[in-house]
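The structure under discussion appears below in the form of structure tokens.
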Amino acid sequence: VRAAWHTRYGPPDVVSVRDIATPAPAAGEIRVRVVATTVNRTDCHYRSATPWPMRLFTGLRRPRVHVWGTEYAGTVDALGAGVSGYELGSPVMGYLEGRFGAHAEHLVARADGPISALGRDVDLAVAAAGTEGSHYALASLARAGAAVGRSVLIYGATGAIGSAAVQLAALDGDEVTAVCAGAHLDLVASLGARHVRNYEHDDLGDLDGRFDVVFDAVGKFEFARARRLLRPGGVYASSGVGPFGQNLLLAAVGPIMRGRRVLFAFPHIDQSVVQHLARLIESREFVPLVDRRYPLTDIVAAYRYVETGQKLGNVVIDVAPADSRA
Ligand SMILES: NC(=O)c1ccc[n+]([C@@H]2O[C@H](COP(=O)([O-])OP(=O)(O)OC[C@H]3O[C@@H](n4cnc5c(N)ncnc54)[C@H](OP(=O)(O)O)[C@@H]3O)[C@@H](O)[C@H]2O)c1
């Protein structure tokens with residue numbers, strides 16, 4: 001089977017497409033024929049080993065993992081011993097927590113891990129983009145205590161995490177104010193934001209003290225700037241650790257800070273999270289935002305585009321047609 005393969009850390013062109021052995025599902029595993037996957041910021045961080053400590057997880061000198069890729073949608077291709085409840089050829093979506101391998105025509109996943117069956121009429125290119133950004137968004141919104149009727153500001157509302165956060169917070173009944181570039185205000189309003197603001201010409205000065213939650217989805221709006229927008233008791237969360245890890249530090253001293261606090265969410269994904277997202281995708285209540293699509297053979301170009309930091313939502317890799325059977 002074809003896969004995007006690499007043997008060293010570095011820029012996008014360390015990756016090349018080649019044939020590898022078809023993986024066999026072990027007991028308790030499902031082999032999935034991948035229809036679509038994404039290139040996301042997680043793949044970029046690990047591929048380039050940036051920041052350096054990423055190497056602690058995937059190999060100090062060289063990567064132990066040779067195929068990146070976290071999220072995917074495809075069809076069930078083979079079942080390992082002891083796996084039941086999945087029909088061969090039926091659609092699934094999922095996330096390869098801690099093991100990667102989605103940038104390939106076939107992958108194997110734990111049947112009891114972050115995977116879910118999908119309805120047959122779901123667009124698998126959209127479902128493929130349904131777990132990475134959204135589980136970061138869900139974790140931060142939950143940690144920050146976003147809840148029905150709360151006033152939530154989402155900064156960087158056009159990214160993979162931001163565009164999922166706007167939709168998921170609005171679905172939960174939050175009153176969402178989304179901040180993005182002027183060219184994308186209509187797009188972000190269509191995702192469910194009640195109010196939209198353009199960060200290019202707007203210092204948000206009239207919004208002081210308005211929000212229960214400020215979520216910086218793109219790592220561009222530090223607590224020092226966000227603090228004044230929070231109500232007393234309000235919470236700031238970010239998708240990143242911030243300069244010098246300051247968000248982790250501020251979160252650690254959170255309990256002794258009076259008034260407005262920083263909370264940091266370590267993302268969590270398991271089968272119940274993926275099933276929740278799959279049901280929302282089936283009902284089209286949550287539609288992962290897809291920007292450009294590239295064939296697997298052009299994955300280097302996809303990496304380059306993601307690393308501009310200007311993608312809108314998600315960049316999908318089309319691995320195989322949805323209706324063929326390998
Ligand atoms: N997604 C992941 O898998 C992942 C995993 C781990 C960590 N992270 C971190 O989380 C952050 C967000 O990731 P992401 O994948 O959601 O980002 P992304 O999709 O790469 O974000 C791109 C969007 O950010 C917006 N943007 C760029 N500069 C901005 C600025 N100064 N102010 C506000 N918006 C700006 C741009 O939209 P406009 O043109 O509208 O500004 C662009 O559409 C990154 O720092 C990333 O390293 C992401």
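Bear in mind that the values here come from a model prediction, so they are computed numbers and not experimental data. Just follow the structure's listing: the first ligand is 1, and inside any ligand the first atom is 1. Basis for what follows: all heavy atoms, side chains included, without hydrogens, waters or symmetry-related copies.
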Go through the steps to decide whether His268 and Asp270 satisfy the test side chain to side chain donor-acceptor pair (under 3.5 Å), and finish with yes or no. CA-CA 7 Å; His268 167 74; Asp270 59 19; 3.0 Å; yes
Qualifying residue for ring pair (Phe, Tyr, Trp, His ring centres under 6.0 Å) with Tyr236, from Phe223, Phe215, Phe221: Phe223
Run down the list Thr42, Thr50, Thr158, Asn40 and name the one with the heavy atom closest to atom 25 (C) of ligand 1. Thr158
So, Asp186 versus His184: side-chain donor-acceptor pair below 3.5 Å or not? no
Close N or O approach (Ala160, ligand 1; < 3.5 Å): yes
Indicate yes or no: does Arg284 engage Asp123 in a salt bridge with an N to O separation below 4.0 Å. no
I'd like to know if the side chain of Thr131 pairs up with that of Glu71 as donor and acceptor (distance under 3.5 Å, no hydrogens or angles considered). yes
Parallel, tilted or perpendicular: which fits the ring planes of Tyr199 and Tyr155, with parallel below 30° and perpendicular above 60°? tilted
Between the candidates Lys311, Gln310, Glu71, which shows the shortest non-hydrogen contact distance to atom 19 (O) of ligand 1? Lys311
Atom 20 (O) of ligand 1 sits nearest the protein heavy atom Arg41 NH1, 2.8 Å
How far is atom 24 (O) of ligand 1 from the closest protein heavy atom, and which atom is that? Val218 CG2, 3.3 Å
Where do Glu307 and Arg304 land on the salt bridge (Lys or Arg N to Asp or Glu O under 4.0 Å) test, with the steps shown first? CA-CA 5 Å; Glu307 290 184 359; Arg304 290 201 180 107; over 6 Å; no
Closest to atom 6 (C) of ligand 1 among protein heavy atoms sits Tyr136 OH, 3.3 Å
Which residue holds the protein heavy atom closest to atom 47 (O) of ligand 1, what is that atom called, and what is the gap in Å? His45 NE2, 2.8 Å
Please report whether ligand 1 has a polar contact with Gly159, defined as an N or O pair separated by less than 3.5 Å (distance criterion only). no
Return a yes/no value for Ile161: is any of its N or O atoms, backbone included, closer than 3.5 angstrom to an N or O of ligand 1? yes
In terms of atom number and element, which parts of ligand 1 are under 4.0 angstrom from non-hydrogen atoms of Gly309? 22 (C), 23 (C), 24 (O), 27 (C), 42 (C)
Strictly under 4.0 Å, does any heavy atom of Ala217 approach an atom of ligand 1? yes
Does at least one non-hydrogen atom of Gly313 fall below 4.0 angstrom from an atom of ligand 1? yes
Can you report which non-hydrogen protein atom sits closest to atom 3 (O) of ligand 1, along with the distance? Glu132 OE2, 2.7 Å
Among all protein non-hydrogen atoms, which one is nearest to atom 28 (N) of ligand 1, and what is the separation to 0.1 Å? Lys220 CE, 3.6 Å
When you compare the side chains of Ser239 and Asp216, does any donor N or O come within less than 3.5 Å of an acceptor on the partner? no
Suppose we measure from atom 10 (O) of ligand 1 to each protein heavy atom; which comes out shortest, and what is that distance? Ser239 OG, 3.2 Å
With heavy atoms of His184 as the reference, note each atom of ligand 1 found under 4.0 Å away. 38 (P), 39 (O), 40 (O)
What protein heavy atom sits nearest atom 29 (C) of ligand 1, and how far off is it? Tyr199 OH, 3.6 Å
For side chain to side chain donor-acceptor pair (under 3.5 Å), just list the numbers for Tyr305 and Asp291, CA-CA rounded to whole Å, side-chain angles, deciding distance to a tenth of an Å, and then say yes or no. CA-CA 10 Å; Tyr305 179 53; Asp291 183 356; 2.6 Å; yes
Does a donor on one side chain sit under 3.5 Å from an acceptor on the other, for Glu175 and Ser151? no
For Ala181, the ligand 1 atoms with a heavy-atom partner under 4.0 Å come out as 38 (P), 39 (O), 40 (O), 41 (O)
Ligand 1 contacted by Phe221 (non-hydrogen, < 4.0 Å): no
List ligand 1 atoms under 4.0 Å from Gly156, heavy atoms only on the residue side. 34 (N)
For the CZ atom on Arg8, are there more than 12 heavy atoms of other groups (residues, nucleotides or ligands in this structure) within a distance under 6.0 Å? no
Determine whether the aromatic ring centres of residues His103 and Trp68 are separated by less than 6.0 angstrom. no
Does NZ or CZ of Arg47 lie under 6.0 Å from the centre of the six-membered ring of Tyr303, at an angle within 45° of the ring axis? yes
Of all the atoms in ligand 1, which lie at a distance below 4.0 Å from a heavy atom belonging to Leu312? 43 (O)
